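Only one structure is covered here, and it is reproduced in the block below.
Only heavy atoms go into these numbers, but all of them, side chains included; no hydrogens, no water, no symmetry mates. In this text the structure is predicted, and so the values were computed from the model without any measurement. Each chain gets a letter, A, B and so on, in the order its sequence line appears, and its residues count up from 1.
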Amino acid sequence: MSAVAALEAILFVAEHPVSEGELSQALDLPPGEVRTALAQLGDALAERGSGLVLREAAGGWRLYTRPDLHPHLERYAASPGTGRLSRAALETLAIVAYKQPVSRGQVSDVRGVDSEQALRTLERHGLIDQVGVSPGSAGAHLYGTTDVFLEKLGLRSLEDLPPLGDHVPGPETVEVLERPFRPEEPSSDSRS
Amino acid sequence: MSAVAALEAILFVAEHPVSEGELSQALDLPPGEVRTALAQLGDALAERGSGLVLREAAGGWRLYTRPDLHPHLERYAASPGTGRLSRAALETLAIVAYKQPVSRGQVSDVRGVDSEQALRTLERHGLIDQVGVSPGSAGAHLYGTTDVFLEKLGLRSLEDLPPLGDHVPGPETVEVLERPFRPEEPSSDSRS
Amino acid sequence: MAVMTFEVRSPVFEGPLALLLDLITSHRLEVTELSLSDLVTEYVAHLDLMRHMDLEVTSEFLVIASTLIQLKARSLLPGAGGVDLDEDLLLTEERDRLLSRLLANLTFRDVAAVFAHRLSSSELMVGREVGFDADVELPMPPLHLGVGPVELAALAERVFTPVVVESDLDHLDLDLPSVGEAMRDLRGRLVGDLETDFERLTGHLTRPAEVIAYFLALLELARWGLLRASQDDPGAPIMVTPGGSASSEILVSEFDLDPGGAE
């Protein structure tokens, strides 16, 4: 199919995931046929044992090198990885992802430490961005995640983030946390 | 063949034609087998009617988009998503504008992350250009802004750039700054 | 020739919540339960260590310390509930808030671990960043710069401004009154056997933070039997009577968190 070839050429030159809408326009095909072509391209790559894979992320599609071939790429040239993010940066990223739009103050409050440095690092990596200004008088910047974040995490959209509840510690952990704070005298008050 | 797949992956990420010597090293294969793998990749691409072709050029091998598909690429190039500068690119542009002539290393230092990609994007858009070579032993390229840059910003000369220091970004300015980064384009691209 | 150096190794915690979590969970395998008293002692000892190592004890550490000490003082005060029901409720809220912060912290740590995993696995997949072939005559992409000179200048301003951590929290460090100081002063103000009320004792204070420090001091002194505090009903004045004369030296060191306070 010529549509599949054209699709491959577009994704070859694209520097970020391309939405089905954009593909539909560039290929001059209805969305349904774009999806068919995407499926065909994915199959064709797998069939011939290509070094490339087609992946959906950040609301679009993009070609990537196969993960198992990474050692060869490293030998060819230092691969342009983002470098390892610090634990502080990762925690901050987690908070921004689930609480966005969120101010630096709110992030710092959850973490219990000032998080300006971590936010700046994430911003420089393009994982978060300033998405607005808090309506309060202080006019604090509000942060949110970017398409780069979605792409790097392999998420189609923010809705693909697992529910935060899945990450809440189990009852045993909660029990350990509460232990030192349990009231020692039972009678003194009437809280639940 | 795994060698063919690895070959394809390397050529996919390569910016310039890759010589057989480099390929031999990256693939850990003797030159003869590299040539066999090249032939196999070329055949595989042609066989399945890929949108890519393998060609020898300037002392090396490179993947290209098939010329007959260029009309599709042009249509894709004209779509709004491709003309939007990332925040990383804008930050880099700001640094080049005020610190020119400036090397990639200096830009990366200021931003705290490697900025090669952003510089390349700006160069491709004609906003910056290599204007010289650093006097240091490293001989790094130095970048400066172009006439296209001035034109796009509506400036007569670089002296018209607002001076730094006495400029405090108020909330309104920041608000304006956010605009290009928000997905306001004809909708379709940020949805899954 | 080899110079012997001793290295004091103590884990550096990024913040008070991380420290608290570590203290609590490091006891999870022990048979004896970690009491609030132990927790406060260990927490304060760690802050002390941090100061000895010339690490900055930020205001966040002190705020949590003050909450912990309040909770501890309250739980040890004889006949709890006699002082002020409002205070009790307030303290309960404080405790719940602290607990939920710890929980939230653990939750996001878990998310962070998942993110780290996903990021590192997607790092193995490299996307192409080269763009269009150079030999292809493409129309110049319709570039939307999206900014004008003023916005570009603002951006430059921001990028060139070095990141200064904890800039706007410094003043809190200086402002936080010392509970130890308050304890010393309170004892000085209690003369003979005269009963007086808390309001009078703190009449010379101007800032709410100072009153809180004095209240903490009062609770702690009461706990050690150095004075008696009573309140007939919520809203009534807290009456204070001196009593006993046990040494308070040990206590003072525990409370002496004031970072810049020593001389």
Nearest atoms (heavy-atom pairs only) where [X] meets [Y]:
{"X": "A:Ala94", "Y": "C:Ala112", "answer": "CB-N, 4.0 Å"}
{"X": "C:Arg128", "Y": "A:Val13", "answer": "NH1-CA, 3.9 Å"}
{"X": "C:Leu36", "Y": "A:Pro180", "answer": "CB-O, 3.3 Å"}
{"X": "A:His167", "Y": "C:Asp110", "answer": "ND1-OD2, 2.8 Å"}
{"X": "C:Val126", "Y": "A:Leu73", "answer": "CG2-CD1, 3.7 Å"}

* Structure fact -> For residues 89-101 of chain A, the salt bridge (charged side-chain N to carboxylate O under 4.0 Å, His left out) pairs (sequence neighbours left out) are A:Arg87-A:Glu91, A:Glu91-A:Arg111, A:Glu91-C:Arg109
* Asked: Of the listed residues (A:Glu151, A:Arg55, A:Glu123), which shares the most heavy-atom pairs with chain C below a 4.5 Å separation?
  -> A:Arg55
* For each of A:Thr92, A:Leu93, A:Leu69, tally heavy-atom pairs with chain C at distances under 4.5 Å, and name the one with the top tally. =>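 Of the candidates given, the most pairs with chain C belong to A:Leu93.
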Under 4.5 Å from any heavy atom of chain C - which part of [X]:
{"X": "A:Tyr98", "result": "side chain"}
{"X": "A:Leu161", "result": "side chain"}
{"X": "A:Asp109", "result": "both"}
{"X": "A:Ala9", "result": "neither"}
{"X": "A:Glu175", "result": "neither"}

* **Polar side-chain atom of C:Ser122 near backbone of A:Leu153 as donor-acceptor pair, under 3.5 Å** =>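 It does not hold such a pair.
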* **Set of side-chain contact (heavy atoms from CB on, under 4.5 Å) partners for A:Val174, sequence neighbours left out** => A:Glu178, C:Leu103
* With the side chain counted from C-beta on, respond yes when A:Arg179 and C:Ile24 share a heavy-atom pair under 4.5 Å apart, and no when they do not. => no
Between atom [atom1] of [X] and atom [atom2] of [Y], what is the distance when rounded to the nearest 0.5 Å?
{"X": "C:Leu124", "Y": "A:Asp68", "atom1": "CG", "atom2": "CG", "result": "9.5 Å"}
{"X": "A:Ile95", "Y": "C:Asn105", "atom1": "CD1", "atom2": "CG", "result": "7.0 Å"}
{"X": "C:Leu68", "Y": "A:Phe181", "atom1": "CG", "atom2": "CZ", "result": "5.5 Å"}
{"X": "C:Met125", "Y": "A:His70", "atom1": "CE", "atom2": "NE2", "result": "11.0 Å"}

* To do: Side chain from CB out, backbone as N, CA, C, O: work out which of these in C:Ile64 comes under 4.5 Å of a heavy atom of chain A, or both, or neither.
  =>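 Neither part.
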* Residue selection (most heavy-atom pairs with chain A, distance under 4.5 Å) from C:Ser100, C:Ala104, C:Ala113, C:Ala116 ->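 The residue among C:Ser100, C:Ala104, C:Ala113, C:Ala116 with the greatest pair count is C:Ala116.
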* Among C:Leu106, C:Thr25, C:Leu102, find the residue that satisfies the side chain to side chain contact (heavy atoms under 4.5 Å, CB included) test when tested with A:Thr173. =>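 The option that passes is C:Leu106.
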